[in-house]
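Working notes, beginning with the structure itself.
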Protein chains: 2
Amino acid sequence: MAAAPVPAPSRRAELLRIAADLFAERGYKTTTVRDIADAAGILSGSLYHHFDSKESMVDEILSTFQAGLFAEYDAVIASEDDVRTKLERLVHISFAAIDRDRPAVAIFQNDAGALAADDRFAYLRENNERFQTMWSDLINEGIRTGALRDDLDPVLTYRFIRDTVWVAVGWYRPGGPLGATEVAEQYLAILLDGLGARAS
Amino acid sequence: MAAAPVPAPSRRAELLRIAADLFAERGYKTTTVRDIADAAGILSGSLYHHFDSKESMVDEILSTFQAGLFAEYDAVIASEDDVRTKLERLVHISFAAIDRDRPAVAIFQNDAGALAADDRFAYLRENNERFQTMWSDLINEGIRTGALRDDLDPVLTYRFIRDTVWVAVGWYRPGGPLGATEVAEQYLAILLDGLGARAS
DNA sequence: GTCTATAGCCCGATAGAC
DNA sequence: GTCTATCGGGCTATAGAC
């Protein structure tokens with residue numbers, strides 16, 4: 001047999017997970033390296049055996065997360081599905097990402113804006129633009145083909161979808177009464193058909 | 001004539017406005033008293049002639065804002081309007097608040113969670129509960145009376161409305177192409193009737 | 001109402017022992 | 001891989017001169 005394909009998480013990976021939880025809960029700037037070390041049961045200086053800096057920790061968390069997310073998005077966009085199906089799949093992917101990688105999503109939501117000003121995090125700006133282009137192209141195609149209503153501002157529609165999906169990281173918890181799939185379905189129900197009762 | 005009813009803003013009020021802008025842009029914790037003093041053109045020590053502490057500044061910003069907002073909400077809830085009209089009025093009030101008091105809304109969105117842990121900010125927790133009860137009662141009445149669809153989780157519906165409205169503070173700017181009233185109308189159009197094209 | 005000057009503390013990061 | 005010990009600097013807040 002070959003070596004186990006899923007080795008026990010390395011100490012380094014464990015420390016990164018601890019850091020991500022704290023960054024997500026308290027914010028990147030307000031979490032200190034001493035907070036991270038305390039949570040890991042070591043002293044702050046020992047962290048620098050594993051990582052160059054606090055900044056390189058958050059960099060690794062965000063870049064790893066975004067690489068995985070975009071790989072999933074690209075597969076949907078490249079598919080032959082119609083607009084509505086693509087939109088539904090993108091929303092499901094996003095809620096699954098919140099479920100699987102909540103800390104990374106929260107850090108992205110809360111701290112990416114401040115980090116993106118630094119050259120080191122230029123990829124955050126680039127990915128943001130890529131994300132907006134992807135969604136806007138899809139929305140515009142939906143309006144053109146009649147899948148989406150045509151009396152709304154497309155830019156506002158984009159922001160509405162983007163915000164409603166990601167802001168759920170603020171309250172969604174993996175063990176809660178509704179799973180990521182159910183939440184995605186109900187969100188899509190509101191997003192596509194609205195809260196108002198149907199005229200019968 | 002009586003004394004002018006709207007005196008020129010006091011130095012104190014001006015400093016508080018400067019602080020609110022910075023808190024909103026960079027976050028409460030990461031904004032330093034030196035940042036505020038620099039923006040006001042004075043030295044950090046001089047701020048303490050006007051305010052007890054940085055904490056008392058953010059306290060005054062948030063408590064003043066919330067008192068005004070709840071006064072407006074209460075008038076709607078106490079009215080004789082039907083559920084749908086009340087819901088529309090509440091959303092319009094919220095977007096008007098973002099338009100009028102953007103810094104306070106942003107600070108509330110970004111920093112209230114961390115501040116609420118302190119006893120001094122217990123009113124944030126109380127108001128949050130009051131806000132949720134107000135909205136949940138309205139949503140449940142809407143479902144009961146047939147104004148809102150009955151196949152969705154009411155708690156999730158509450159979160160959806162709450163989040164979609166307030167998260168707009170992240171991108172809305174007073175001088176932009178769409179005013180607060182137009183944004184509120186389009187948000188309500190999506191929220192109540194959905195993005196999907198109507199079957200004709 | 002603002003300035004000068006500083007107290008006391010916490011921050012990220014480093015050097016070298018074990 | 002973690003510890004001891006610490007550097008240089010930024011933080012909130014204060015005391016007293018002007």
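Every chain is numbered from 1, with letters handed out A, B, ... down the list of sequences.
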request  = Could you tell me how the ring of A:Y123 sits relative to the ring of A:F121: parallel (under 30°), tilted (30 to 60°) or perpendicular (over 60°)?
outcome  = tilted
inquiry  = Classify B:I42 by what it touches in the nucleic acid, base, sugar-phosphate, or nothing, heavy-atom distance under 4.0 Å.
reply    = sugar-phosphate
task = Determine whether the aromatic ring centres of A:Y187 and B:F160 lie less than 6.0 Å apart.
result = yes
Rounded interatomic separation in angstrom, taking [atom1] from [X] and [atom2] from [N]:
X: A:D38; N: C:dG12; atom1: CG; atom2: P; result: 12 Å
X: A:L22; N: C:dC11; atom1: CG; atom2: P; result: 13 Å
X: A:M57; N: C:dA13; atom1: CE; atom2: P; result: 8 Å
X: A:L43; N: D:dC3; atom1: CG; atom2: P; result: 4 Å

message = Quick check with a 6.0 Å cut-off and a 45 degree axis cone: is A:R130 positioned over the face of A:F70's six-membered ring?
response = yes
query = Are B:E60 and B:R120 close enough for a salt bridge, meaning some N to O gap below 4.0 Å?
reply = no
Tabulate atom names and distances for all N/O pairs under 3.5 angstrom spanning the protein and nucleotides 10-13 of chain D.
residue, atom, partner, partner atom, Å
D:dC11, OP2, B:R34, NE, 3.4
D:dT12, OP1, B:V33, N, 3.4
D:dT12, OP1, B:K54, NZ, 3.1
D:dT12, OP2, B:V33, N, 3.0
D:dA13, OP2, B:Y48, OH, 2.9
D:dA13, OP2, B:K54, N, 3.0

[N] OP1/OP2 closer than 4.0 Å to side-chain N/O of [X]:
X: A:S46; N: D:dG1; answer: no
X: B:H50; N: C:dT2; answer: yes
X: A:H49; N: D:dT2; answer: no

request  = Taking atom types as modelled, find out whether A:Y48 and A:S53 have a side-chain donor-acceptor pair closer than 3.5 angstrom.
outcome  = no
ask   = Would A:D153 and A:Y158 count as having a side-chain donor-acceptor pair, cut-off 3.5 Å?
value = no
